[in-house]
Amino acid sequence: MSEPYAAAEGLVRVYPGRTPLGAGLVWAHGGGFAGGALDMPEADAVAHALTARGITVVSVDYRLAGDGCRYPAPSDDVLAAWSWTVQNAARLRIDIARLAIGGASAGANLVTGAVLRLLDGESRAGESRELPAAVVLAYPTLHAVQPPTPPALRAALDARPDADRFGPDSVREMYENFVGHPLPRGDEAPLPAVPGLATASDLAGFPPTFMINGDVDELRVSGEAFAATLAEAGVDVEVLTEAGTEHGHLNRPQEPGFEASIDRIAGRLAALATSTPASTHTPASTPTPVSAPTPVSALGAGAPLTEGSLS
């Protein structure tokens with residue numbers, strides 16, 4: 001089957017790779033924790049572009065912050081989607097040793113926090129604690145109170161006011177909506193909700209990480225600071241800036257930066273080492289349902305999807 005289909009009781013949409021390489025990616029879109037959906041380009045166009053390059057994508061329809069939904073509910077959904085994918089990897093034709101997790105903007109925060117929870121041994125009954133083979137972060141937001149903006153980036157933002165969308169107040173308010181209470185300093189939130197607070201010791205054992213930041217994007221300082229802490233922890237981390245882009249370029253497929261970043265991500269995933277026969281994961285013989293509540297956000301405005309055969 002090559003068409004996308006809903007699975008895990010509507011928690012995910014699966015995009016089978018057109019020429020399966022055995023590599024897979026559990027992917028979380030952005031939207032400031034409070035917006036976004038599976039049909040936005042940052043979810044749907046990204047998934048289609050990666051499947052065309054042979055990667056199977058499992059896109060997560062996590063619950064959105066607001067109206068009584070706060071952390072950890074969206075993070076729980078990402079963990080549940082990860083566990084479902086691990087348990088069904090072979091039936092999805094994914095080599096478990098080549099299964100990564102990733103996200104964009106607030107989605108990158110959610111997957112980073114989910115990995116921190118896995119490292120800390122958090123999982124609900126029946127959920128997998130298996131770590132991803134790699135973590136892919138696109139222009140992540142990881143700090144409620146951002147590090148200082150370097151003068152050169154500040155000048156670039158001043159020259160392009162339409163790109164200057166992430167001042168200190170707006171970022172802090174975004175996180176306050178996520179966690180459900182004021183954050184005057186930012187360190188009053190759980191570490192997985194604000195992963196930028198992690199120390200090198202917190203990040204011991206974190207999987208190899210590939211990060212693509214926007215060029216004229218104030219959130220770039222958050223990603224770069226987190227990457228520096230990963231490096232201090234001895235994590236294999238590569239961080240780059242996609243030239244000429246603003247925040248959210250994966251949500252704009254018509255821009256050159258979209259294809260460039262997709263090619264980089266696909267290349268990193270395709271290069272993941274295959275598992276040996278002795279370490280191959282053996283999943284359940286049928287798709288395993290998850291116990292997470294059905295996400296509030298809908299599958300999207302397009303034609304309804306039904307779960308297809310995993311065979």
Side-chain angles (χ1 to χ4, degrees), residues 25 27-53 55 57 59 100-112 134-143 146-168 170-171 174 195-196 208-228 230-231 237-271:
L25 176 67
W27 179 255
H29 64 76
F33 305 111
L38 292 185
D39 284 329
M40 69 188 293
E42 200 172 66
D44 188 62
V46 166
H48 276 295
L50 289 173
T51 60
R53 291 159 173 81
I55 311 297
V57 179
S59 190
I101 196 169
S105 195
N109 171 297
L110 290 174
V111 302
T112 303
V135 178
V136 177
L137 304 178
Y139 39 86
T141 171
L142 300 162
H143 296 79
Q146 297 213 129
T149 304
L153 177 56
R154 182 70 262 162
L157 289 163
D158 290 342
R160 291 166 64 174
D162 57 326
D164 192 3
R165 304 190 296 273
F166 299 101
S170 64
V171 171
M174 177 178 71
T209 300
F210 180 54
M211 181 186 299
I212 299 176
N213 288 318
D215 190 356
V216 185
D217 178 4
E218 192 161 3
L219 291 182
R220 195 177 94 198
V221 299
S222 180
E224 290 172 345
F226 185 72
L230 286 172
V237 57
E238 180 182 356
V239 56
L240 59 84
T241 298
E242 199 66 78
T245 61
E246 299 177 6
H247 185 81
H249 65 273
L250 291 181
N251 208 34
R252 298 184 291 276
Q254 71 278 8
E255 296 183 2
F258 177 91
E259 290 292 334
S261 290
I262 290 294
D263 283 340
R264 298 183 201 279
I265 293 169
R268 284 298 298 259
L269 296 178

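Just so you know, these numbers come straight off a predicted model, no measurement behind them. All residue numbers refer to positions in the sequence shown, counting from 1. Values below: every heavy atom of this structure, side chains too, minus hydrogens, waters and symmetry copies.
Nearest heavy atom pair, residue P41 against residue N251, reads CD-OD1, 3.3 Å. The two residues A106 and G32 make their nearest non-hydrogen contact at CB-N, 3.7 Å. The shortest non-hydrogen separation linking L250 to S261 is CD2-CB, 3.9 Å. Between A108 and G103 the shortest heavy-atom distance is CB-O, 3.3 Å. Nearest heavy-atom pair, A138 versus W27, reported as atom, atom and distance to 0.1 Å: CB-CH2, 4.3 Å. Across all non-hydrogen atoms, the minimal contact from H143 to G196 is NE2-O, 3.3 Å.
Between atom OH of residue Y139 and atom OG of residue S222 there is a gap of 14.5 Å, rounded to the nearest 0.5 Å. Going from atom CG of L137 over to atom CE of M211 covers 5.0 Å, rounded to the nearest 0.5 Å. Once rounded to the nearest 0.5 Å, the distance linking CZ of F166 with CG of L157 reads 10.5 Å. Atom CG of D44 sits about 8.5 Å away from atom CG of L38, to the nearest 0.5 Å. The CG atom of L25 sits 8.0 Å away from the CD1 atom of I55 when rounded to the nearest 0.5 Å. Taking CD of Q146 as the reference point, atom OG1 of T141 lies at 6.0 Å (rounded to 0.5 Å).
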Kindly indicate, with the supporting measurements, whether the criterion side chain to side chain contact (heavy atoms under 4.5 Å, CB included) is fulfilled by V111 and V136. CA-CA 9 Å; V111 302; V136 177; over 6 Å; no

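For the side-chain contact (heavy atoms from CB on, under 4.5 Å) test, residues two or more places apart in sequence or in another chain that qualify with A43 are H29, M40, S59. Scored by the side-chain contact (heavy atoms from CB on, under 4.5 Å) test, T245 finds D215, E242, H249 as partners (sequence neighbours excluded). Evaluation of the salt bridge (Lys or Arg N to Asp or Glu O under 4.0 Å) rule for R154 yields D158, D164, E218 as partners, not counting sequence neighbours.
Contact of the T241 side chain with the E224 side chain is registered, since non-hydrogen atoms from C-beta on lie closer than 4.5 Å. Looking at V46 and F258, their side chains come closer than 4.5 Å, going by heavy atoms from C-beta outward. You'll find the side chain of T112 reaches within 4.5 Å of the side chain of F226, heavy atoms only. Side-chain contact between P140 and N109 is absent, with no heavy atoms from C-beta onward closer than 4.5 Å. Looking at heavy atoms from C-beta onward, V221 lies out of side-chain contact with P148 at the 4.5 angstrom threshold. Taking 4.5 Å as the limit, some side-chain heavy atom of R165 sits within range of a side-chain heavy atom of E246. Within the 4.5 Å cutoff, no side-chain heavy atoms of F210 are placed close to those of L269.
Between the side chain of R268 and the main chain of R264, no donor-acceptor pair closer than 3.5 Å is present.
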